[in-house]
Undergrad: 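I am attaching a structure below and will ask some questions about it afterwards.
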Amino acid sequence: QQQVKQSPQSLIVQKGGISIINCAYENTAFDYFPWYQQFPGKGPALLIAIRPDVSEKKEGRFTISFNKSAKQFSLHIMDSQPGDSATYFCAARYTGTASKLTFGTGTRLQVTL
Amino acid sequence: EAGVAQSPRYKIIEKRQSVAFWCNPISGHATLYWYQQILGQGPKLLIQFQNNGVVDDSQLPKDRFSAERLKGVDSTLKIQPAKLEDSAVYLCASSLGPGRGYEQYFGPGTRLTVT
């Protein structure tokens, strides 16, 4: 049972454009929603994270929008750059289970010149 | 600060053979995780250690997979015997632990190919 659904599977954006990746979750016990960035041959690295009591969090060009009632959250990458080309994973953590993360299936982003 | 170290980086074995992966977490990190990442999918937690005790191994195929974290530092993950469907990247991650920090830091992974 996939508890975190991510879309799209792949995304092509022109340099300077906005990249938007969406995730939906089912379990209301999730209390922490991070986004990870993964380059080929590397492990995932934490990009930005949000808790459900906040509707938006911004760090530089990266913004998470969170809709608790809809059980959805999204990553926006403003002014997308070729260096942002990577695979992005959303994830969610269960309440009360320390730091166990459930990951989405990933979005492969390509930023073209 | 040194990151999470893993070895080997790549391994090719035949089905029914055995294989072992090694992980050295960030110094001082009490919690260690092993994930399996199949091509085109997100990482799936196999086992989580808190110091040298197992916190969660609910998704570990215990008939063929085993893991240990002796002395609460380094960890090894073993597969015996390997199946074709075990082909994946095996990621190790660590975090400070309860009350100190839950952010997980990942190593580069070991890419396993079972032929």
Side-chain angles (χ1 to χ4, degrees), chain A residues 1-11 21-27 29-51 57 59 64 73 75 86-109, chain B residues 1-10 21 23-26 29-51 53-60 88-111:
Chain A
Q1 180 185 8
Q2 185 182 353
Q3 297 195 55
V4 181
K5 296 182 180 180
Q6 184 171 347
S7 63
Q9 187 174 2
S10 63
L11 183 62
I21 304 170
N22 301 298
C23 281
Y25 62 97
E26 300 168 359
N27 194 328
F30 288 137
D31 66 350
Y32 173 73
F33 302 88
W35 284 90
Y36 283 82
Q37 180 187 56
Q38 186 176 29
F39 293 104
K42 304 289 186 182
L46 179 65
L47 190 61
I48 187 172
I50 197 168
R51 295 190 180 276
K57 183 174 181 179
E59 289 184 1
I64 299 178
F73 59 111
L75 175 69
T87 300
Y88 293 80
F89 293 95
C90 62
R93 187 182 70 194
Y94 282 104
T95 299
T97 57
S99 50
K100 177 177 180 176
L101 289 172
T102 299
F103 284 84
T105 51
T107 296
R108 191 168 185 174
L109 172 65
Chain B
E1 179 183 76
V4 176
Q6 290 188 248
S7 68
R9 292 297 312 278
Y10 306 91
F21 312 127
C23 173
N24 180 238
I26 293 173
H29 280 200
T31 308
L32 185 147
Y33 317 79
W34 282 103
Y35 288 88
Q36 179 191 59
Q37 186 175 22
I38 294 173
L39 185 65
Q41 297 182 20
K44 182 185 80 172
L45 181 69
L46 292 175
I47 188 167
Q48 177 181 342
F49 290 95
Q50 180 65 34
N51 295 309
V54 176
V55 174
D56 185 341
D57 63 356
S58 58
Q59 297 192 92
L60 186 74
V89 174
Y90 291 84
L91 295 163
C92 179
S94 68
S95 65
L96 283 169
R100 298 167 61 214
Y102 289 116
E103 180 180 342
Q104 295 185 27
Y105 297 84
F106 285 81
T110 296
R111 180 175 297 277

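Lettering of chains follows the sequences in order, A, B, ..., and the numbering in each one begins at 1. Just so you know, these numbers use all the heavy atoms, side chains as well, and skip hydrogens, waters and symmetry mates.
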Undergrad: Does any backbone or side-chain atom of A/Gln38 lie under 4.5 Å from a heavy atom of chain B? Answer side chain, backbone, both or neither.
TA: side chain
Undergrad: Using a 3.5 Å distance criterion without hydrogens, assess whether the side chain of B/Arg9 forms a donor-acceptor pair with backbone atoms of A/Gly41.
TA: yes
Undergrad: Locate the shortest heavy-atom distance separating A/Pro44 from B/Leu91; write the atom from each residue and the value.
TA: CD-CD1, 3.8 Å
Undergrad: Let me confirm one number: the CZ-OH distance from A/Phe103 to B/Tyr35, rounded to the nearest 0.5 Å.
TA: 5.0 Å
Undergrad: Using heavy-atom distances under 4.5 Å, tell me whether B/Thr110 contacts chain A through its side chain, its backbone, both, or neither.
TA: neither
Undergrad: Can you confirm whether A/Leu46 sits close enough to B/Glu103 that some side-chain heavy atom of one is under 4.5 Å from a side-chain heavy atom of the other?
TA: yes
Undergrad: When rounded to the nearest 0.5 angstrom, what is the spacing between NZ in B/Lys44 and CG in A/Leu101?
TA: 15.5 Å
Undergrad: Enter the distance from A/Phe89:CZ to B/Gln37:CD here, rounded to the nearest 0.5 Å.
TA: 4.5 Å
Undergrad: Which value, rounded to the nearest 0.5 Å, describes the distance between B/Asp56 atom CG and A/Lys100 atom NZ?
TA: 4.0 Å
